[in-house]
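Shown next, in structure tokens, is the structure this report addresses.
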Amino acid sequence: MDGINTERILESSKIPTEIELKNPSIVFAGRLEDAKQPLAVLEAVKILKGRNKNVYAYFIGQGEQQKELEEKIREWNLENNAFLLGYQTNPYPIFLKCDAVCMLSKAEGFPTIFAEGMTLGKPFISTYVGGVKEMSDNGNCGVIVKTPTECADAIEKIVLDSATNSKMGEYCRKHITNFSMEHQKIKLQELFDNL
């Protein structure tokens, strides 16, 4: 794994954006395709609405499931809860305004989206894909789920509970340093020194 350039992410997050988020909110960032399962994230929002819990989901990206997402948003009456923002050259100011990053991919090598969110103090909700167990650090930075219902439960736990969200956000900022470029360089040097 290359390290995460935390300084660049922090600097980029300070660039103003006209996009405003309603809170509590989650952000999905990635291709709108079956492999990333944006429809499962939307279903979690629907489940929460059925529980009389309002959460707002913002989808950053484009892809072949965009039309289906638009249709499901209408069908499930989520026009006030789910928003498609399209492709964004700089998603970090949007990440900065949300409460958690959520993506339920079927497979990932190392989901940098979560590391980027953690840099900005945002916990994550993910399926069990490469790297998330280490990144979650026993659930301190993120929740690993299997289904839209478990995702809805996780949103209740780490997004709708502001005290938990704040605590996890602080932990994320500290834990992400283990994945920074600087830390990776040190670990690599230690590896060479021990050869």
Side-chain angles (χ1 to χ4, degrees), residues 1-2 4 9 19 21-22 24-51 53-95 97-120 122-136 139 141-160 172 179:
M1 177 199 137
D2 301 330
I4 299 296
I9 293 166
I19 295 170
L21 271 59
K22 298 177 187 179
S25 64
I26 57 172
V27 166
F28 167 103
R31 290 221 21 97
L32 303 180
E33 62 187 18
D34 184 57
K36 304 284 185 186
Q37 299 200 95
L39 286 163
V41 174
L42 186 66
E43 189 177 343
V45 175
K46 175 191 169 205
I47 290 165
L48 286 166
K49 190 174 180 186
R51 297 176 186 172
K53 308 274 185 187
N54 259 333
V55 68
Y56 303 96
Y58 295 85
F59 294 83
I60 298 172
Q62 298 171 318
E64 63 264 19
Q65 285 196 326
Q66 182 168 330
K67 288 266 188 253
E68 193 174 354
L69 277 164
E70 290 168 354
E71 288 167 8
K72 289 295 182 189
I73 287 168
R74 284 192 297 272
E75 181 186 329
W76 294 341
N77 297 313
L78 296 175
E79 293 93 341
N80 294 321
N81 296 85
F83 308 92
L84 305 181
L85 303 180
Y87 174 76
Q88 300 290 321
T89 54
N90 178 15
Y92 306 125
I94 301 167
F95 281 21
K97 295 179 180 186
C98 78
D99 296 296
V101 177
C102 182
M103 190 168 64
L104 305 178
S105 295
K106 291 180 177 178
E108 292 281 345
F110 181 87
T112 54
I113 177 179
F114 299 138
E116 293 164 345
M118 286 166 61
T119 299
L120 300 171
K122 307 303 172 183
F124 66 85
I125 300 164
S126 173
T127 42
Y128 192 82
V129 293
V132 293
K133 185 177 178 188
E134 295 78 15
M135 293 170 75
S136 76
C141 292
V143 178
I144 300 170
V145 302
K146 292 179 182 175
T147 66
T149 300
E150 288 182 8
C151 180
D153 295 342
I155 292 168
E156 278 202 61
K157 178 182 173 185
I158 73 167
V159 173
L160 300 184
C172 285
F179 300 92

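At least one side-chain heavy atom of L42 sits under 4.5 Å from a side-chain heavy atom of F59. Side-chain contact between C102 and F28 is absent, with no heavy-atom pair separated by less than 4.5 Å. Counting only heavy atoms from C-beta outward, the side chains of R31 and E64 approach each other to under 4.5 Å. Side-chain atoms of V145 and S126, non-hydrogen and from C-beta on, never get closer than 4.5 Å to each other. Within the 4.5 Å cutoff, the side chain of I60 has heavy atoms near those of the V27 side chain. When side chains are defined from C-beta on, V132 counts as touching F124, because their heavy atoms get closer than 4.5 Å.
In plain terms, the two heavy atoms of A44 and P148 that are nearest each other are CB-O, 3.5 Å. Pairing each heavy atom of A29 with each of M103, the nearest pair is O-SD, 3.5 Å.
Counting heavy atoms of neighbouring residues, nucleotides and ligands inside a 6.0 Å radius, atom NZ of K133 does not exceed 12 of them. The 12-atom threshold is exceeded at NZ of K49, counting heavy atoms of other residues, nucleotides or ligands nearer than 6.0 Å.
Salt bridge absent: K72 and E43 never bring a charged side-chain N and a carboxylate O closer than 4.0 Å. The existence of a salt bridge linking K122 and E116 is excluded, since no basic side-chain nitrogen approaches an acidic carboxylate oxygen closer than 4.0 Å.
The residue from I125, L120, I113 that alone fulfils the side-chain contact (heavy atoms from CB on, under 4.5 Å) condition with V101 is I113.
Taking the six-membered ring where tryptophan is involved, the planes of Y58 and F83 are essentially parallel, since the angle between them stays under 30° and well short of 60°.
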